[in-house]
Amino acid sequence: MVAELERRYPPTWAQEWDRVGLVLGEPTTPVRRIAFVVDVVPETVAEALDAGADLIVAHHPLLLRGVSSVAPTTWKGRIVHRLIRADVALYVAHTNADTAAPGVSDALAARFGLTGLRPLQPPDPGSPAAGSGRGIGRIGELPRPMTLDELTRHAAAVLPPTAWGVRAAGDPGRQIRTLAVSGGSGDSFLAGATAAGVDAYLTSDLRHHPAGEHLAADGPALLDAAHWATERPWLDDVAAHLRAAFGVETLVSDLPTDPWTGHAASPTAAPDPGSTRQPHAAPDDKEPRP
């Protein structure tokens with residue numbers, strides 16, 4: 001199982017700062033049931049153990065930064081102890097799965113029916129991951145043009161539901177034909193989206209100043225979705241692959257691990273008559289999403 005995961009998502013494709021691969025478990029232990037999660041947190045671990053999983057495949061590392069102890073006095077330490085006692089292995093595919101083709105952003109692009117996919121940020125020449133359409137993010141063409149307002153509502157409908165929902169920045173009536181997507185935190189690729197000439201860019205964790213400066217420089221419209229929601233679609237892909245390859249049982253977690261649990265939209269304000277700036281779209285602001 002580990003060999004197949006590392007064939008599909010080679011650890012050498014991960015960023016230098018990342019921590020991927022087998023975290024817990026004996027490589028030779030038989031695996032009959034696998035749980036797939038974005039985040040290794042107490043709730044997803046409990047779900048996996050209740051389902052009788054032998055292995056958890058996670059996107060985000062449990063132990064990203066160096067630690068000197070995994071004592072059960074912290075929640076991460078308790079997870080490590082609980083998994084060891086239950087003889088459950090843990091495997092992480094993070095930025096190597098982001099870079100892979102198919103990878104995290106391919107699964108995200110599929111939710112929008114994008115065609116003609118190409119990487120938003122290809123690997124550096126000479127990188128182990130270079131070539132074959134690999135790289136961070138994807139750029140493609142929508143099945144039909146939409147206004148930014150329509151696309152924002154569409155995104156909220158096709159992505160896994162969260163309290164965060166989807167925010168948009170730009171003229172709500174702007175016509176969107178080409179869309180760049182990047183699962184997870186993506187404001188470091190704003191310049192790449194501009195250079196690619198796309199009409200809009202969907203990612204998560206966009207910050208105030210980078211987003212504002214991007215729009216002031218006439219960059220593509222922006223859609224900001226919940227981090228978990230942009231990476232959850234990949235779980236279906238990797239689960240289907242391992243199920244077909246090994247005949248194992250699979251459980252894909254739909255527990256939202258996005259930290260935000262509530263949302264209340266501000267009352268719609270009339271635009272300032274003296275301002276030339278377009279109001280932002282307010283996606284699905286009648287009720288907070290579950």
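Owing to the predicted nature of the structure, the values given are computational and were not obtained by experimental measurement. The figures that follow rest on heavy atoms only: side chains count, while hydrogens, waters and symmetry mates do not.
- When atom types are taken as modelled, the side chain of T95 and the backbone of D98 share no donor-acceptor pair closer than 3.5 angstrom.
- L90 and L22 are assigned to two separate hydrophobic clusters, defined by single-linkage of ILVMFWY side chains at heavy-atom distances under 4.5 Å.
- For the atom pair NE2 of H154 and CG of L223, the computed distance is 11.0 Å after rounding to the nearest 0.5 Å.
- Remark: side-chain polar atoms of D106 are not paired, donor with acceptor, to backbone N or O of A101 under 3.5 angstrom.
- Hydrophobic clustering, with ILVMFWY side chains joined whenever heavy atoms are under 4.5 angstrom apart, groups L206 together with L120.
- Looking at P123 and T99, their side chains come closer than 4.5 Å, going by heavy atoms from C-beta outward.
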TODO: Could you go through the side-chain contact (heavy atoms from CB on, under 4.5 Å) check for W228 and T162 one step at a time?
DONE: CA-CA 8 Å; W228 172 82; T162 61; 3.6 Å; yes

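- The shortest distance between side-chain heavy atoms of I136 and S105 does not fall below 4.5 Å.
- Looking only at distances, no side-chain donor or acceptor of T152 sits under 3.5 Å from a matching main-chain atom of A168.
- Counting heavy atoms from C-beta outward, I176 and T147 have side chains that stay 4.5 Å or more apart.
- The two residues L117 and A109 have their closest heavy-atom pair at CD2-CB, 3.9 Å.
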Using the rule given for side-chain contact (heavy atoms from CB on, under 4.5 Å), can you reason through L190 versus T194, listing the C-alpha separation, both sets of side-chain angles and the distance that settles it, and then say yes or no?
CA-CA 6 Å; L190 288 169; T194 299; 5.6 Å; no

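- Sorted by first and then second residue, the pairs that involve residues 252-266 and meet salt bridge (charged side-chain N to carboxylate O under 4.0 Å, His left out), not counting sequence neighbours, are R232-D254.
- Contacts of S132 classified as side-chain contact (heavy atoms from CB on, under 4.5 Å), with partners at least two apart in sequence or in another chain: R134.
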**OP:** Give the intermediate values and the outcome of side-chain contact (heavy atoms from CB on, under 4.5 Å) for residues Y9 and V238.
**Re:** CA-CA 10 Å; Y9 311 112; V238 64; 3.7 Å; yes

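- When the side chains of ILVMFWY residues are joined at heavy-atom separations under 4.5 Å, either directly or via intervening members, I84 and V88 end up in a single hydrophobic cluster.
- Using a 4.5 Å heavy-atom cutoff, the side chains of T203 and T230 are not in contact.
- Applying the salt bridge (charged side-chain N to carboxylate O under 4.0 Å, His left out) definition to pairs two or more places apart or across chains, those involving residues 202-225 are R167-D224, D187-R207.
- Residues V80 and V23 share a single hydrophobic cluster, defined by chaining ILVMFWY side chains whose heavy atoms lie under 4.5 Å apart.
- The main-chain N or O of W17 is found under 3.5 Å from a side-chain atom of R19 such that the two form a donor-acceptor pair.
- Shortest non-hydrogen contact noted between A169 and L215 is CB-CD1, 3.5 Å.
- Residues I139 and A196 approach most closely at CD1-CB, 3.4 Å, considering heavy atoms.
- Under the rule for a side-chain contact (heavy atoms from CB on, under 4.5 Å), R65 has no partner lying at least two apart in sequence or in another chain.
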Donor-acceptor pairs under 3.5 Å, side chain of residues 42-54 to any protein atom, not counting sequence neighbours: which ones?
| residue | atom | partner | partner atom | Å |
| --- | --- | --- | --- | --- |
| T44 | OG1 | D39 | O | 2.7 |
| T44 | OG1 | V41 | N | 3.1 |
| T44 | OG1 | V41 | O | 3.1 |
| E47 | OE1 | S253 | OG | 2.7 |
| D54 | OD2 | R32 | N | 2.8 |
| D54 | OD2 | R33 | N | 3.1 |

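- Here the side chain of K76 pairs a donor or acceptor atom with the backbone of L62 at under 3.5 angstrom.
- Listed by chain and number, the residues in a side-chain hydrogen bond (donor to acceptor under 3.5 Å, both in side chains) with Q121 amount to none (sequence neighbours excluded).
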Please report the C-alpha distance between F246 and M1 in whole Å, then the side-chain angles of each, then the deciding distance to 0.1 Å, and finally whether the side-chain contact (heavy atoms from CB on, under 4.5 Å) criterion is met. CA-CA 8 Å; F246 296 101; M1 195 68 64; 3.7 Å; yes

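- Of all heavy-atom pairs spanning E231 and G184, the tightest one is OE2-CA, 3.4 Å.
- Here the side chains of F112 and L151 are in contact, with some heavy-atom distance below 4.5 Å.
- Residues G133 and P119 approach most closely at O-CG, 3.3 Å, considering heavy atoms.
- When side chains are defined from C-beta on, L142 counts as touching L114, because their heavy atoms get closer than 4.5 Å.
- The shortest side-chain heavy-atom distance between V198 and L179 does not fall under the 4.5 Å cut-off.
- The side-chain heavy atoms of L235 and V38, taken from C-beta on, include a pair separated by under 4.5 Å.
- Interatomic distance, OG1 of T12 versus CG of N96, reported as 8.5 Å (0.5 Å rounding).
- Residue pairs meeting the ring-ring contact (aromatic ring centres under 6.0 Å, His included) criterion with at least one member in residues 190-223: none, sequence neighbours excluded.
- In this structure, S69 and A71 approach most closely via the heavy-atom pair OG-N, 3.0 Å.
- Listed by chain and residue number, H241 satisfy the side-chain hydrogen bond (donor to acceptor under 3.5 Å, both in side chains) test with R8 (two or more places apart in sequence, or in another chain).
- With sequence neighbours left out, the side-chain contact (heavy atoms from CB on, under 4.5 Å) criterion links D237 to A107.
- In terms of modelled atom types and a separation under 3.5 Å, the side chain of S127 and the main chain of W13 share no donor-acceptor contact.
- Of the inter-residue distances, the one linking I34 atom CD1 with I56 atom CD1 reads 11.0 Å to the nearest 0.5 angstrom.
- Interatomic distance, L202 CG to L222 CG, rounded to the nearest 0.5 Å: 9.5 Å.
- When the side chains of ILVMFWY residues are joined at heavy-atom separations under 4.5 Å, either directly or via intervening members, L63 and V40 end up in a single hydrophobic cluster.
- Here ring-ring contact (aromatic ring centres under 6.0 Å, His included) pairs that include residues 37-61, with residues two or more places apart or in two chains, are H59-H94, H59-W234, H60-H94, H60-H227.
- Atoms CG and CZ, on D149 and R174 in that order, are 14.5 Å from each other to the nearest 0.5 Å.
- Within the structure, salt bridge (charged side-chain N to carboxylate O under 4.0 Å, His left out) contacts touching residues 79-88 (residues at least two apart or in different chains) do not occur.
- Judged by distance alone, the side chain of T29 and the main-chain N or O of G25 form no donor-acceptor pair under 3.5 Å.
- Listed by chain and number, the residues in a side-chain contact (heavy atoms from CB on, under 4.5 Å) with A110 amount to none (sequence neighbours excluded).
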